[in-house]
Amino acid sequence: MHRTDCSVDSTYDLWTDFDNSLTGVAFQGGPGAPPAMIDDLPAIGVDAQGTTRIRFIHDGPIEPSFSKQMLFAVQALTLRGRYPHPVVSIVAPDAGPAPTGTLNVVLGSPEDLRAALAAPPSIASGQPVLRLVNDIRAGGPALVLGGETEQAVMAAIERLVAGVERSDDEKMSISSAYAPDAPFFTGARSVRFSELGVPTQEFAGRRLRIRFPVALPADFYGAANGQARILLNAAYAPSVRPGSQLSVYVNGSLASSYVLTGQHGGLIEYKEINIPLTHFHAGINRVWMEILLNVDSDETCEPGATLVNQQRFVLFDSSEFVMDDFARIGTEPNLAAFFGRGYPYFRQAEPIAVVMRHDAPTVATAATLMARLALFHEGTTRVDTAPPPASLKSRPVLFIGEINRIPSEVLNQVGIVNASKIRWISERDGGGAEPGGTPTAAGMGANGPVARSPIALPMLDTAVRVRPASGDEDIYDRWRDEVTGETGLSAALLRFEKWVKDTFDISLGFPGADSESAPFNPPPGTSVLVAQGFAPNSNALWTLVTGHTAESLLAGFQDFTVGEYWLKPFGRAVAFDAATGQMEIRTPSSRRFVVTQPLGPSNLRLIAANWLSLNIVTYALVLVLCCIAFAVITSLLLRRSPRGGG
């Protein structure tokens, strides 16, 4: 029994949330028959956590050729099976029965098949094998992808890719994780709520939440000045008091609000609610409307008051979500585009270069990453797991593995403090705790240790810079001035930059000022670190995925790929703590632009507007120069004009 009051805030105490990944139809009569055909792969389903585990059965050392085939195969399997949260592992033969929501896969040459299966299928000369078998050593049904040659194995995987159903250009297929598919906006467009899966609904309670997804392309560049709108068709009863509020949230952040002001109810027809694109990013964006309704009966809180049949609010499915036109140009580094659409790796003509150690945990982490990227890109790409070292400086590369095996040059290029290796190794056995087992501040909340919740997840903020206590500000400022060694004009500029930053939260970016270009030092409790930077002497993008050890990286990355976490990162670096679900994010001080769409007048105007909105100092200087030029030209014209006679 749970007792709560009649305030709107109390509705947060009693609520019901349906998890789409775990909601489905159960049939009586025991477990269903195992999949017998390739088209049955979606029937693998999920486990109790909403995860589909793709288990590769392999005996012996892992060769680069096997890694390449595996990373391509998991992309095809994820798309063919429409798995919302795929997690990959590599196990030895005789690992036991496959748990619920597990797909066994055997991949490779006839020798690999014989080492993993009790009764491997026969392979004809030069022919690919794509077959589901029921094998004792595999612990149940297993998908066999085999061939006598590497080309034959890749041809078997291509057969899987050929059966993938892709959504049309106006939608992004996410129905396995959300419902319905997300509308895909490539520019100005409007979508009715009925198309978003939001029906006409009457409501008699105090708090109503309506959710729908919105998908944006990888080259979305409009967060600084773009705008979306909701054209609201609704009505509210005379009993609803003025001051009741409708709020719009985007990816967990409040984006807009509208107050109901009518004293005797009202009919709302195509009311325009403006939503700035500040909180939108490439890929899937989660938008929800929250309506908080106040009536007089809530104050008295009489028994049975909530059972009154009178409806308080109605939302009509003729309401629309409208996206204004936005700039289209790729930006790098950009983790939001990487996680949201696999940018820029999935748009390359050549295979993705993946540099890693070929052990089971690292390859499984790389496979989980590729499966997730393919799911959100809605397509597959080839992978090169043994790229020539000389080619790495001129092509996009994924570096995956434990921090101690990442070269210092790679850490420098992606902007990670090289000392992270030493600190992470010293913290490896501490689990983010101080000696003696006391949890550190990173794992503590106001009322004790922070518990992970599968539903209520923490909001994200940008990286927090450590500053001294308020009583030490004078000492901090004096030491900063002494260390920088700046005097005269430079010191004045730094003091002015600090005042503007503290007062208006605007970084002017003067030389010597503290900026986001400083190397990122991840917190001690970091489980997964992802960072982007550029190759030496090249514009090729490098992406690093690393952790304490290969084993801890695999465990942390499985948590990181949960949809609620996966959609949140942005900027150039993110440090994820799997124990608390917290993220620390570092934004880039500068970005490189990549032309992805024709630079017509309209697109150039939108790009310039967004760039000037992000660079407010440059914008102000341009305005000042324009005013000076206008004054000079006006003065010259007045001097040349004839004077009137008296």
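The closest donor-acceptor contact from the side chain of T52 to the backbone of G101 lies at 3.5 Å or more, if one exists at all. One N or O on the side chain of R372 and one on the backbone of T561 form a donor-acceptor pair closer than 3.5 Å. Side chain of H377 to main chain of R347: no donor-acceptor pair is present (N/O by atom type, distance under 3.5 Å, no hydrogens or angles). Listed for the S256 side chain is no donor-acceptor partner under 3.5 Å among the backbone atoms of V248. Under a 3.5 Å cut-off, the side chain of T78 and the backbone N or O of V74 do form a donor-acceptor pair. Listed for the D59 side chain is no donor-acceptor partner under 3.5 Å among the backbone atoms of I57.
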Worked check of side-chain contact (heavy atoms from CB on, under 4.5 Å) between I352 and M370: CA-CA 10 Å; I352 299 177; M370 295 306 299; 3.8 Å; yes

Trace of the side-chain contact (heavy atoms from CB on, under 4.5 Å) decision for L392 with V355: CA-CA 9 Å; L392 299 181; V355 178; 4.0 Å; yes

side-chain contact (heavy atoms from CB on, under 4.5 Å) between T580 and D577, intermediate numbers included: CA-CA 6 Å; T580 63; D577 187 344; 3.6 Å; yes

Trace of the side-chain contact (heavy atoms from CB on, under 4.5 Å) decision for I416 with L529: CA-CA 10 Å; I416 301 300; L529 172 64; 4.0 Å; yes

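Put simply, the residue from F346, Y345, F560 that forms a ring pair (Phe, Tyr, Trp, His ring centres under 6.0 Å) with F339 is F560.
Two residues are said to be in side-chain contact when any heavy atoms from C-beta on lie closer than 4.5 Å; L398 and F338 meet this criterion. Between T543 and V530 the shortest side-chain heavy-atom distance falls below 4.5 Å. Residues V363 and M356 meet the side-chain proximity criterion, which asks for heavy atoms closer than 4.5 Å. Looking only at side-chain heavy atoms (C-beta outward), I275 and F280 come within less than 4.5 Å of each other. The closest side-chain heavy-atom distance from P217 to R341 is not below 4.5 Å. Counting heavy atoms from C-beta outward, F376 and L567 have side chains that approach closer than 4.5 Å.
The line from CG of D559 to CD of Q49 is 10.0 Å long, rounded to the nearest 0.5 Å. In this structure, L77 CG and L103 CG are separated by 6.0 Å, a value rounded to the nearest 0.5 Å. Interatomic distance, R53 CZ to Q558 CD, rounded to the nearest 0.5 Å: 5.5 Å. In this structure, the separation between OG1 on T587 and CG on N334 is 11.5 Å, given to the nearest 0.5 Å. Distance check, rounded to the nearest 0.5 Å: CG of L375 to CD of Q75 gives 11.0 Å. For the atom pair S89 OG and L554 CG, the distance stands at 8.0 Å (nearest 0.5 Å).
In summary, the aromatic rings of F534 and W542 are positioned with their centroids too far apart to meet the 6.0 Å limit. Checked against the 6.0 Å centroid threshold, F220 and H281 do not count as a close aromatic pair.
Side chain to side chain, S247 and Q245 meet the donor-acceptor criterion of an N or O pair below 3.5 Å. Side-chain N/O atoms of H358 and T385 include no donor and acceptor closer than 3.5 Å. In this model, no donor atom of one side chain and acceptor atom of the other lie less than 3.5 Å apart for E402 and T549. A donor-acceptor contact closer than 3.5 angstrom is absent between the side chains of T100 and D47.
Using a 4.0 Å cut-off between a side-chain N of Lys or Arg and a carboxylate O of Asp or Glu, R395 and D384 qualify as a salt bridge. A salt bridge links E290 to R207: at least one charged side-chain nitrogen sits closer than 4.0 Å to a carboxylate oxygen.
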